[in-house]
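Here the structure is a predicted model, which means the values were calculated and not measured. Counting begins at 1 with the first residue of the sequence.
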Amino acid sequence: MLEGKVVAVTGAGSGIGRAAARLFAESGAKVVIGDRDKGGLAETADGITATGGKVVSLAFDVRDEGGVVAFVRLAVDTYGRLDGAFNNAGVPMAHKLVEDLTLDEWEFVNRVNATGVFLCMKHEIRAMRLTGGGAIVNTASANGSVGQPHSSDYVASKHAVVGLTRAASTEAVLTGVRVNAVLPGVINTAMVDTKTDRPELRVHLDAALARHTIGRFGEPEDVAYVARFLLSDQAAFVNGAAIAVDGGFTAR
């Protein structure tokens, strides 16, 4: 589905990003992967090369515009172009009431989840325009369309991702770049695993599971398959969509 395309993936050191990078490579893409976690990034790259995939990587932080520029430049310098991007890097909420959040906690979550996506899009779109356009998929969240207690920092950041996606998609006629978002429910990743042993957070996971009407939490591959479709030519008429990949979490 992605044969011959050059696709960048952030947050590729684990979870959804790792699953997506591997799937994209298996689908014929040349992938460029980034993450703050050097060790996790190396493991993802090794897994791709072990199966014959083409990959280059860069450890960087999406909050740093210089790092983002270097990441996009790596794609262009290595493969001559950039056709697609999956902006997936993100961090969880601080698990506090609004009144208890510190400004530093608020700014950290929003800087990574929202501003990081903006910075990546800014430079990815510039690169894609040089070769006629492309496609971008941003990872928002089911919490990008609903509210949830103890999560205002995260909910606000993911609503921002959805809004940014929709606004940027209206510029496709000018840039040639389609922009869509995936809105995952609870996905079985390391981010979720850290909550299972904390009783005060376990109650939130139990409540969330009850709302996943498919009867389970998701797997990273569940999101990766949807992202692959949105990056492919099969989705050529899909633009500005915010697609729930949430096991029915937002259906009721």
Checklist entry - Mind checking what makes side-chain contact (heavy atoms from CB on, under 4.5 Å) contact with Thr170, not counting sequence neighbours? => result none

According to a 4.5 Å side-chain heavy-atom criterion applied to Ile, Leu, Val, Met, Phe, Trp and Tyr, with indirect links allowed, do [X] and [Y] form part of one hydrophobic cluster?
{"X": "Ile125", "Y": "Tyr79", "value": "yes"}
{"X": "Val9", "Y": "Val76", "value": "no"}
{"X": "Val68", "Y": "Val91", "value": "yes"}

Checklist outcome for this item: Residue pairs meeting ring-ring contact (aromatic ring centres under 6.0 Å, His included), one or both in residues 227-252, sequence neighbours left out, come to His212-Phe249

Checklist outcome for this item: In Leu23, Thr189, Ile187, Val137, the residue satisfying side-chain contact (heavy atoms from CB on, under 4.5 Å) with Val223 is Ile187

Next on the checklist: Tell me whether Lys96 at atom NZ has more than 12 heavy atoms from other residues, nucleotides or ligands lying less than 6.0 Å away.
Outcome noted: yes

Kindly say whether [Y] contributes a backbone atom to a donor-acceptor pair with the side chain of [X] at under 3.5 angstrom?
{"X": "Asp83", "Y": "Val7", "answer": "no"}
{"X": "Thr115", "Y": "Val112", "answer": "no"}
{"X": "Asp153", "Y": "Ala94", "answer": "yes"}
{"X": "Arg63", "Y": "Arg111", "answer": "no"}

Checklist entry - What distance separates Asn88 CG from Arg18 CZ, expressed to the nearest 0.5 Å? => result 12.5 Å

Next on the checklist: Side chains of Leu130 and Arg81, heavy atoms from C-beta outward: is any pair under 4.5 Å?
Outcome noted: no

Item to check | Nearest atoms (heavy-atom pairs only) where Val62 meets Ala89 | outcome: CG1-CB, 4.0 Å

